[in-house]
Structures are given as structure tokens and as C-alpha cells.
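Written out below as C-alpha cells is the structure these notes cover.
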Amino acid sequence: MELTASRMLGWREMNLDRIAMENLLETMQARMDDPEEQAKRAENNAKRAATRAKKRVRQLCKAMGVDTMLTLTYKANQQDLALTKRHLREFNRRILRILPDFGFVAAFERQQRGAWHVHMATRRIPESLADRNRQNAARFKSYEVIRRIWRSVVGDLGGNIDVARRKFHSRKSAAQIASYIAKYIVKDYAEGEKWSNRWTKYGEGSVPEPEVLGIVNGPREAIEVAYALIPPGCRIAVGRLDRWKDWFVLHVEPPCK
């Protein structure tokens with residue numbers, strides 16, 4: 001559950017005569033035509049687009065209940081994002097043969113050397129896997145099976161998989177993984193609207209529409225209301241009031257299993 005509270009803004013209509021309105025419109029048009037203002041607007045639009053994408057990715061991870069991080073990499077300096085996306089689609093198609101319920105939220109990141117890699121948040125990966133079409137088939141460590149599948153997809157480019165930099169059977173909370181994945185969405189926000197194509201998802205998991213809880217009389221009351229809504233047994237993942245007391249955010253989740 002994510003709860004947010006922010007200071008309300010009040011708007012009022014300006015009572016201007018015709019001449020004052022014309023002067024205001026001329027000033028606004030001059031700012032619109034100014035190259036510096038145009039560059040600033042483009043940068044702000046890129047920031048807002050990246051922030052929206054980050055929020056979407058974070059909430060999808062939580063709705064899906066992710067518990068495992070995978071990072072798909074190349075040995076070669078593979079710098080074609082479109083090719084990486086095709087490899088990911090094929091990787092997913094092959095994984096579904098052995099894990100029909102496989103689902104993920106993934107973000108694409110460019111390494112310092114220029115090569116692309118994929119950060120993937122997924123869920124319910126068993127410790128071992130076997131051929132579903134063969135009775136009494138031998139079981140293998142999931143990490144090895146998944147790595148072989150990725151390598152079979154990328155071929156001569158070479159590939160590897162990092163599993164959360166921890167033991168494969170370890171689990172992180174959905175909020176921890178969601179924050180880790182989402183940070184890559186705003187890492188290079190200067191790419192602008194292209195960031196809408198820097199992440200993808202597959203599988204079940206939809207974010208419910210937010211519910212407006214009402215209006216309170218200040219940050220103290222907002223915090224009290226938010227904490228009173230925490231379900232029993234849940235843990236606080238994020239609880240923060242900004243320094244100007246303009247907004248408050250609270251993220252809670254069930255305890256890690």
C-alpha cells in the first residue's frame with residue numbers, strides 16, 4: 001500500500017483589463033519562443049516522463065509481488081537496444097516452456113562501456129527445475145537453467161545472469177526490489193520521452209486506481225491518518241515527510257517470508 005499527502009494549491013482568476021491581458025500574452029509568447037525556455041521545458045518534460053515511468057514500474061513490481069532480481073548481461077559490447085529487446089522477448093518465450101507462470105518487470109540500462117543489460121524483477125522462481133514434458137526428469141539448479149537459456153538466446157554475443165548478488169534462493173521484499181528496478185528509469189532522464197520504452201513487463205499484475213481519502217488540516221493530521229490505515233502485521237518500507245512539509249509519503253507491505 002502506498003499513501004501520499006500533499007499541500008493543496010489554491011487558484012484564482014486574474015481580473016485584468018484588455019491592455020493588461022494583451023501585454024501578459026505577449027510576454028508569455030516571447031518566453032515560449034525563447035530557445036533557452038524551450039530547452040528548459042524539454043528537460044522538465046523529460047523529468048516528468050521519467051518520474052511517471054518510475055512510479056508505474058515501482059507499483060507494478062509491488063502488484064506482481066516480485067521477490068527475486070535477475071540481471072541479464074552480455075560479454076560482448078552489445079549496444080543495440082532493439083536487439084536487446086528482441087533477445088528479452090525470446091528469452092521470455094523459452095522460459096515459459098519450463099515456468100508457465102513466469103512474469104516480470106524489466107528495465108534496460110546502458111553500462112559505462114556502452115553495452116545494454118536488463119534488470120528484471122520476477123517472482124516465485126523455484127530452487128530447481130526439470131523438463132515438464134518428461135516423467136522423473138533430472139532436476140537442475142534454476143540459476144544454471146536460466147543462464148543456459150539466456151546464453152542460448154544471445155549466441156556468440158555471450159551472456160551471463162546475476163541473481164540479486166546473493167544466494168539464488170534468497171528473497172528480498174517487493175518494495176526493496178521495486179525501488180531497485182525503478183531507480184534505473186530516472187538514471188538518465190535526459191533521454192526524454194524515450195524512457196517510456198526503457199522498461200517492459202510480462203504477466204499478471206495490475207495497479208488499482210488510487211483512492212482519494214479526503215482533506216486534512218496539516219501534515220501532522222496527514223501522518224496520523226496514514227499510520228492509522230496500516231494493516232495489522234505489515235511493515236513500513238518508506239515513511240518520509242519533506243523538509244518543507246509540503247508532502248508526506250508512506251509505503252507499507254506484508255512482512256518478508
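As a basis for the values below, the full set of heavy atoms in this structure was taken, side chains included, without hydrogen atoms, waters or symmetry mates.
Note on Leu241 and Leu229: same hydrophobic cluster, where clusters join Ile, Leu, Val, Met, Phe, Trp and Tyr whose side-chain heavy atoms are under 4.5 Å apart, directly or indirectly. Using a 4.5 Å cut-off between side-chain heavy atoms of Ile, Leu, Val, Met, Phe, Trp and Tyr, with links allowed through other members, Val216 and Met1 fall into the same hydrophobic cluster. Note on Phe140 and Phe91: same hydrophobic cluster, where clusters join Ile, Leu, Val, Met, Phe, Trp and Tyr whose side-chain heavy atoms are under 4.5 Å apart, directly or indirectly. Note on Leu3: it does not cluster hydrophobically with Val249, by side-chain heavy-atom contacts below 4.5 Å among ILVMFWY residues. Both Met120 and Leu129 are assigned to one and the same hydrophobic cluster, defined by single-linkage of ILVMFWY side chains at heavy-atom distances under 4.5 Å.
Between Phe102 and Phe104, the two ring planes are tilted [angle within 30° to 60°]. Below 30°, between 30° and 60°, or above 60°: for Trp150 and His87 the angle between ring planes is above 60°, a perpendicular geometry.
Remark: the backbone N or O of Gly159 is paired with a side-chain donor or acceptor of Arg151 at under 3.5 angstrom. The backbone N or O of Gln79 lies less than 3.5 Å from a partner atom in the side chain of Trp116, making a donor-acceptor pair. When atom types are taken as modelled, the side chain of Thr73 and the backbone of Asn160 share a donor-acceptor pair closer than 3.5 angstrom. Side-chain atoms of Ser142 come within 3.5 Å of backbone N or O of Glu127 as a donor-acceptor pair. In this structure, the side chain of Thr122 engages the main chain of Gly103 through a donor-acceptor pair within 3.5 Å. Proximity of a side-chain donor or acceptor of Gln78 to a complementary backbone N or O of Asp80 within less than 3.5 Å is detected. At distances below 3.5 Å, at least one donor-acceptor pair connects side-chain atoms of Tyr143 with backbone N or O atoms of Ile161. Listed for the Glu144 side chain is no donor-acceptor partner under 3.5 Å among the backbone atoms of Lys141. Formation of a donor-acceptor pair under 3.5 Å by the Gln59 side chain with backbone atoms of Val207 is not found in this model. Formation of a donor-acceptor pair under 3.5 Å by the Arg41 side chain with backbone atoms of Met32 is found in this model.
Met69 places a side-chain heavy atom less than 4.5 Å from the side chain of Ile181. Using a 4.5 Å cut-off on side-chain heavy atoms (C-beta onward), Arg86 and Leu83 make contact. By the 4.5 Å heavy-atom criterion applied to side chains, Val57 and Tyr184 are not counted as neighbours. With a 4.5 Å cut-off on side-chain heavy atoms, Thr200 and Lys85 do not count as touching. Put simply, the side chain of Trp244 does not reach to within 4.5 Å of the side chain of Arg7, judged on heavy atoms. Within the 4.5 Å cutoff, side-chain heavy atoms of Leu213 are placed close to those of Glu211.
The number of heavy-atom neighbours closer than 6.0 Å to CG of Leu25, taken from other residues, nucleotides and ligands shown, is above 12. By the neighbour-count criterion of 12 heavy atoms within 6.0 Å, atom CZ of Arg31 is sparsely surrounded, having that number or fewer from other residues, nucleotides or ligands.
Salt-bridge formation is detected for the pair Arg220/Glu224: a Lys NZ or Arg NE/NH1/NH2 atom is positioned less than 4.0 Å from an Asp or Glu carboxylate oxygen.
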- Item | Worked verdict on Tyr74 versus Thr84 for side chain to side chain contact (heavy atoms under 4.5 Å, CB included) | CA-CA 10 Å; Tyr74 295 94; Thr84 299; 3.5 Å; yes
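The NE2 atom of His117 lies 9.5 Å from the CG atom of Leu72; values are rounded to the nearest 0.5 Å.
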